Amino acid sequence: MTANKTIGQGKGSKRTWLLAMGALVVGMTATLSASAANVLQDVRYASAPGGKVDITLQFAEPVGDVQAFTTDTPPRIAVDLPGTTNGLSQRRIVIGSGATSAVSAVEAGGRTRVVVDLFRPAGYTTRSSGNLLVLTVDAGAVQSNASNTMANPSDPTKRVASGIEVANIDFRRGENGSGRVILRFNGDGAAADMRTEGSKVVVDVANASIPENLRRRLDVTDFATPVQSLEPNTNAGSTRLVINTNGAYDSMAYQTGNEYVIEITPKRAAVIAAAPAARAAGAVAGAAPAQSYTGRAVTFNFQDVPVRTVLQLIAEESNLNVVASDTVQGNVTLRLINVPWDQAMEIVLRAKQLDKRRDGNVIWVAPQKEIADFEKAMADARIANEDREELVTEYIAINYGNAEEIATLLTDGSKNSGAGGGGGGATTQNKGFLSPRGSVSFDNRTNTLLLIDIPKKIQDVRQLLATLDRPVDQVLIEARIVVATETFARELGVIFGVQDRVGTLPAGAASGETTTDSGFLVGLPATTPAGILNLSILRSDIALDLELSALEEEGRGEVVSNPRVITANQREAIIRQGDEVGYLTIQPAQAGAVAQATVEFKEVLLELKVTPTITQDGRVYLNLMVKKDEVSELITNPAGGFVPQIARREVSTAVLIDNGQTVVVGGVYEFKSREDLRKVPFLGDVPLLGNLFRNKGKSSEKAELLIFVTPRILEVSRK
């Protein structure tokens with residue numbers, strides 16, 4: 001095992017670089033013809049305490065001699081591996097932790113060089129064990145903005161002497177149910193370090209103190225985030241903040257100016273499970289919709305790094321070109337673990353009041369005001385060019401629409417001045433799709449638009465008309481109105497009589513003959529019997545007559561009406577069929593006058609009124625009214641003539657139906673039942689024999705109304 005430590009310093013570093021390059025050239029010449037005996041298979045890295053980073057190089061064989069050196073401009077660590085080929089699939093690996101920016105490997109002349117890019121000069125140590133070589137990069141020196149001196153982050157004595165103090169601790173609910181803790185200091189230069197210990201997130205600020213009034217526990221459970229409470233306190237004269245959490249979460253932090261922000265974001269499964277509780281707590285209501293990030297996950301852990309350097313790392317991860325304005329300045333402190341690169345960029349831009357605009361694979365980054373001023377200047381220049389551009393006149397024939405309606409759509413300034421056409425130009429207050437100098441007129445006779453505007457606006461209107469001026473689909477609406485009736489009646493009656501007679505039977509008594517009736521008579525016949533059975537028993541002095549009558553009647557009827565109509569989409573259609581029934585009305589006679597008779601008429605119609613709307617998914621929304629009237633009977637007018645009594649059946653509704661589907665939009669079912677019994681008191685109640693003293697009647701009526709509707713879309717071919 002070997003170990004060494006070198007820190008590059010100023011001009012001496014340049015001299016070391018020249019000597020090393022000379023040695024490298026000699027070494028490469030000596031081994032040019034030799035075949036490499038070892039292979040660099042893998043490069044891994046891990047964060048270590050104190051801002052250090054361990055870079056592990058894995059080889060196919062045990063590690064041999066290595067040569068390492070550093071440079072300050074730019075800050076780098078180079079490790080030469082003689083007799084080694086490069087077997088890595090990636091040429092560059094982004095680290096972004098501590099002072100380490102990235103590591104890359106390149107092979108030439110039978111050897112491999114591993115270069116570690118640094119954010120700032122930093123020391124290092126190497127150690128080998130078997131086929132592993134571990135390069136440990138120190139955190140390096142950090143520039144303190146508060147004291148303007150170089151301070152080691154691992155030296156708490158020098159940090160507390162900076163005089164920085166915690167001014168406020170704030171907690172807010174962020175997007176996706178995240179908890180955001182904001183540490184605000186009384187000045188810049190606070191050196192914060194965050195780490196995770198189980199369900200706790202611990203933040204140590206070694207060069208800042210915290211006043212007594214802020215050392216109190218904060219319960220934030222009601223915010224429905226993974227953060228349960230905050231416990232700020234002192235730790236050996238510095239500041240320590242313990243964040244107690246619940247559930248699975250991801251943590252990240254960033255620092256800008258005098259603020260250090262920690263975000264605790266629930267993992268996706270935890271967000272789904274906690275959503276009902278968050279809604280019940282009222283935390284989700286009114287929150288802005290969360291943005292979705294899709295970039296590859298990155299990990300950044302460094303302090304006081306230039307923003308331009310962070311943007312360069314993001315550009316390498318995203319494979320995009322990032323152009324930063326010259327006004328993008330300042331440093332930022334970040335601790336982001338497994339965060340999508342596009343989210344990391346949003347955090348950096350938000351922390352430094354920056355904004356971005358993307359054009360293809362190029363992203364322009366600048367301060368928010370600078371981008372706003374640029375876009376305003378571009379808009380002003382475009383408007384100025386339009387004001388100076390020459391106006392042209394175009395005549396556009398409208399095929400399927402209405403020129404007047406389209407002119408009104410383009411601008412509210414067009415008005416119909418007469419049936420001959422020719423509405424005036426648009427007003428300057430509301431130009432719609434036209435430029436401030438543009439105007440539109442129309443001619444109803446030829447259905448033509450008359451446009452005066454700049455060429456670009458004319459082209460925009462033509463593109464708009466290519467979408468609007470096209471044939472619309474039509475709809476065939478078919479309705480069936482079914483009226484079904486069913487009647488049933490049954491009646492049983494009897495006539496029963498016993499007579500004492502003298503002479504002949506009563507039914508056959510002739511002139512001069514006499515009869516003496518000393519019996520009784522029961523007459524309960526059927527009203528309109530369908531059949532009669534007579535039975536007579538005759539003796540010399542007694543006549544017994546028995547007449548049974550019965551009626552049973554059944555009737556079934558069905559009336560089907562089938563109106564149908566075709567109409568364009570969103571156009572009302574009406575179809576009617578029927579009669580006008582006349583009836584007589586009598587005006588009472590006045591003094592000295594005669595009564596006046598007047599004939600009036602009443603419509604008895606079968607009518608279908610419908611307005612269809614074709615939806616984007618191919619269904620039909622119908623706003624319809626179906627009506628069927630008929631004369632049920634004629635009522636005698638005491639003054640003369642008859643007055644018709646009209647039975648009305650009508651439905652008015654709105655319904656959404658699939659194309660070609662038949663649905664029942666309405667129905668009425670009526671049922672009437674009646675039983676009648678007429679009998680001779682007491683005798684009609686005698687079992688069996690009482691049937692001779694009764695008249696029974698039973699009737700029932702059923703009526704059913706059903707209305708069926710079927711829409712069919714008739715698509716119009718578009719050329």
Side-chain angles (χ1 to χ4, degrees), residues 1-9 13 16-17 19-32 34-72 74-140 154 298-302 313 316:
M1 178 179 292
T2 62
N4 59 75
K5 181 174 182 179
T6 304
I7 301 177
Q9 299 290 339
S13 175
T16 304
W17 171 259
L19 293 176
M21 290 299 295
L24 177 62
V25 172
V26 174
M28 291 175 61
T29 305
T31 60
L32 184 62
S35 59
N38 209 344
V39 179
L40 177 59
Q41 295 179 332
D42 189 20
V43 175
R44 302 184 299 274
Y45 69 91
S47 299
K52 298 181 179 181
V53 176
D54 291 334
I55 302 175
T56 303
L57 309 179
Q58 180 177 334
F59 300 88
E61 303 292 338
V63 182
D65 294 334
V66 297
Q67 300 173 357
F69 57 91
T70 64
T71 64
D72 281 347
R76 288 177 177 172
I77 301 173
V79 179
D80 285 338
L81 306 169
T84 302
T85 60
N86 182 16
L88 300 178
S89 58
Q90 285 183 278
R91 181 180 179 275
R92 181 179 177 85
I93 301 173
V94 177
I95 297 178
S97 178
T100 308
S101 171
V103 60
S104 58
V106 61
E107 177 186 353
R111 68 177 58 200
T112 297
R113 169 169 290 183
V114 177
V115 178
V116 180
D117 295 326
L118 304 176
F119 294 119
R120 52 187 174 269
Y124 71 94
T125 60
T126 61
R127 63 183 185 275
S128 61
S129 175
N131 62 342
L132 298 178
L133 175 64
V134 180
L135 175 67
T136 301
V137 183
D138 294 341
S154 61
V298 296
T299 297
F300 293 152
N301 185 10
F302 40 73
L313 292 175
E316 294 176 356

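Atom set for the values below is all heavy atoms of this structure, side chains included, hydrogens, waters and symmetry mates excluded. The structure displayed is predicted, hence computed values, not measured ones. We count residues from 1, following the sequence as given.
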Report task. For Arg44, enumerate each residue passing the salt bridge (Lys or Arg N to Asp or Glu O under 4.0 Å) test, keeping only those at least two apart in sequence or located in another chain. Result -> Asp42
Closest approach of [X] and [Y], non-hydrogen atoms and distance?
{"X": "Phe69", "Y": "Tyr124", "answer": "N-OH, 3.9 Å"}
{"X": "Leu133", "Y": "Ser128", "answer": "CD1-CB, 4.0 Å"}
{"X": "Ala99", "Y": "Ala139", "answer": "CB-O, 3.2 Å"}
{"X": "Pro75", "Y": "Pro121", "answer": "CB-N, 3.8 Å"}
{"X": "Ala60", "Y": "Gln41", "answer": "CB-NE2, 3.3 Å"}
{"X": "Val94", "Y": "Ala102", "answer": "CA-CB, 3.9 Å"}

Query - Derivation of the side-chain contact (heavy atoms from CB on, under 4.5 Å) call for Tyr45 and Thr100 - result: CA-CA 10 Å; Tyr45 69 91; Thr100 308; over 6 Å; no
Requested in this report: Give a yes or no on whether the backbone of Phe59 and the side-chain of Asn131 come within a donor-acceptor separation of less than 3.5 Å.
Outcome: yes
Requested in this report: Give a yes or no on whether the backbone of Thr84 and the side-chain of Thr112 come within a donor-acceptor separation of less than 3.5 Å.
Outcome: yes
As an exercise, state the distance from [atom1] of [X] to [atom2] of [Y], rounded to the nearest 0.5 Å.
{"X": "Thr126", "Y": "Gln67", "atom1": "OG1", "atom2": "CD", "answer": "12.0 Å"}
{"X": "Ile95", "Y": "Leu118", "atom1": "CD1", "atom2": "CG", "answer": "9.5 Å"}
{"X": "Leu40", "Y": "Gln58", "atom1": "CG", "atom2": "CD", "answer": "9.0 Å"}
{"X": "Leu135", "Y": "Leu57", "atom1": "CG", "atom2": "CG", "answer": "7.0 Å"}
{"X": "Leu81", "Y": "Asn86", "atom1": "CG", "atom2": "CG", "answer": "9.5 Å"}

Requested in this report: State, yes or no, whether a side-chain contact exists between Thr136 and Arg127 at a heavy-atom distance under 4.5 Å.
Outcome: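 Yes, side chains in contact.
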**Report entry** Residue pair Val298 / Leu313, side-chain heavy-atom distance below 4.5 Å
**Finding:** no
Query - Pairs meeting criterion salt bridge (Lys or Arg N to Asp or Glu O under 4.0 Å) with involvement of residues 46-62, two or more places apart - result: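 Checked against salt bridge (Lys or Arg N to Asp or Glu O under 4.0 Å) - neighbours excluded - no pair reaches residues 46-62.
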**Report entry** Pairs involving residues 90-100, ordered by first then second residue, that meet salt bridge (Lys or Arg N to Asp or Glu O under 4.0 Å) (sequence neighbours left out)
**Finding:** Arg92-Asp117, Arg92-Glu316
**Report entry** Sequence-distant partners of Ala46, side-chain contact (heavy atoms from CB on, under 4.5 Å), two or more places apart
**Finding:** none
Report task. Sequence neighbours left out, what pairs pass ring pair (Phe, Tyr, Trp, His ring centres under 6.0 Å) with at least one residue falling in residues 80-119? Result -> Phe119-Phe302
Requested in this report: Enumerate the residue pairs fulfilling ring pair (Phe, Tyr, Trp, His ring centres under 6.0 Å) with a member in residues 76-116, sequence neighbours excluded, ordered by first and then second residue.
Outcome: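 Every candidate ring pair (Phe, Tyr, Trp, His ring centres under 6.0 Å) pair involving residues 76-116 fails, so no pair, neighbours aside, qualifies.
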